[in-house]
Amino acid sequence: MTVQLLERRATQPAAAVKMAIADCDIHPSPKSMEKEVYPYLEKRWQRHLETYGVRPRQGFANGPAFPKGQPDASRRDAYPPNGGRPGSDLDFMRQQHLDPYNVQLGILNPLRGGQGVQNGDFSAALCRAINDWQIAEWTSKEPRLKGSVVVPYEDAAASAAEIDARAGDTNFAQVLVLSRTAEPLGQRRYWPIYEAAARAKLPVAVHAFGYGGFPVTGGGWPSYYIEEMVGHAQCNQSVLTSMVMEGIFERLPTLKVILVEGGFAWLPALAWRLDKVWTRLRDETPHVKRPPSSYIRQQVWVTSQPTEEPEPRRHLLDTIEWMGWDRLLFATDYPHWDFDDPTQVLPPRVGEQQRRQFFMENARAVYGITG
Amino acid sequence: MSRHVIAATRDLPPGGRRVVTIKGRAIAIFNIAGEYFGLLNRCPHQGGNLGEGRLIGLVESGEPGDYRYSRPGEILRCPWHGWEFDLRSGRSRCDPARIQAKCFAVRVAPGEALGEGDYVLETFPVTVEENYVVVEV
Ligand code: FES
């Protein structure tokens, strides 16, 4: 736990941020499925949704495996005054988040957008509708926001078709998959997704969570939400290890992967361990030609939130040095409860150049979006 | 220190809350069962708006299976990461000695006393028949 306290300032936090920032993890929700998403969903699937609901690939039919830290996993102050779920009102998002924090580039990651749904055709139809909805309700109205191509990732061919259909559309900045899938994400069945993303020149973001049906940890089902929260770091390590060792980065040298919301302090240690073992076991995976860390160093980025908060805080800076300041993308996770405030997330002594990389330049580089 | 009149008591009844800005500082004022409390509207963790936090009670436990619930409504939970603060002292539940939200004294003054000089009336007229909520900043 951190006990690093705020210095008391007379100003509100928002007023203190001048620098333009990129927020690489914002969660929008539809105000209403009927009004906002049905226009893009065939009648047949509207009826299916009403009759059968959404069945994720896990035993918990009605939601996540653990109750969240706050209702709807959201900041209590993020409910729009005119009603609706947190993250469902663009004007309120502007007023509470984009304007005061000077967010000039915001990446939308719609969760529950049809991903991980057991009925494959329904999953594909919902993902397509959510992509259309992002354009209609968000990116066409607010140029600071960019969408994510959500794909029915358990069906790689359908996913690739969706990516191909969106290629070149500047409403979208990336392809989105979730980290908890039926098999580790590096495996062959998912390769068409990465090939299509590389063709479309879109990075693939792997957001923590999902519905693989397996426990988040490598050691079985945990008892508590806190274990799931820290379990995302383990899950992301497995995802990344799978991607490197299955040779995705070697096969697709232009592919960019962004790991979202799994923390990052584990990354240097994982890279050290992979390199060490690879030097001894490399004959087992001859398709991985270079040390694992060199692929990670060139083709993998991580978002900052939820930032580890060690005490003393300089340990955070050591960790970032080990992974490289160019690997880290700032994210708030707005409107979710474990939100990171950009005015507080870095210790005060971080220099101007590193702040610029962390808050904006790295994001522009990875998304290929110029100022 | 100055005393600021922020509302008539009938506009801030029990269960009511309001965020006011005084001398550039946002302060969250709560009426808990007729008693008034004021906290800087800025959580000492990352700056969450304490004025939008949920009010809960104090749960204490001496051993597994045994718990006591007391002081309903006097503990404020930050709307962001859920750190909890005692409205009476500003002290956090997780580390009361080191982590505290800044408190402001809030009391009720009758309208007739407000004419006597050292109150700051920001935005509204005062009548002698009413009582007013006054914050010291
Ligand atoms: S900002 Fe209040 S708990 Fe983090």
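Residue numbers start from 1 in every chain, and the chains themselves are labelled A, B, ... in the order their sequence lines are given, proteins ahead of strands.
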Undergrad: CZ of B:Arg54: more than 12 outside heavy atoms within 6.0 angstrom?
TA: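 Result for CZ/B:Arg54: open.
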Undergrad: When you look at CZ of A:Arg112, are more than 12 heavy atoms from neighbouring residues, nucleotides or ligands closer to it than 6.0 Å?
TA: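 No, CZ of A:Arg112 has 12 or fewer neighbouring heavy atoms, counting only those of other groups under 6.0 Å.
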Undergrad: So if I apply the side-chain hydrogen bond (donor to acceptor under 3.5 Å, both in side chains) rule between A:Tyr101 and each of A:Thr343, A:Thr332, A:Asp341, which one comes out positive?
TA: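 Only one of A:Thr343, A:Thr332, A:Asp341 forms a side-chain hydrogen bond (donor to acceptor under 3.5 Å, both in side chains) with A:Tyr101, namely A:Asp341.
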Undergrad: Got a sec, which residues hit side chain to side chain donor-acceptor pair (under 3.5 Å) with A:Gln95, two or more places apart in sequence or on another chain?
TA: none
Undergrad: Using a heavy-atom cutoff of under 4.5 Å, enumerate the residues of residues 61-78 of chain B that contact chain A, numbered in order, or state 'none'.
TA: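 Contacts with chain A: B:Arg77, B:Cys78.
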Undergrad: Would you call A:Arg356-A:Glu352 a salt bridge at under 4.0 Å N-O?
TA: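 So A:Arg356 pairs with A:Glu352 through a salt bridge.
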Undergrad: If the threshold is 4.0 Å, N to carboxylate O, is there a salt bridge linking A:Asp77 and A:Arg75?
TA: yes
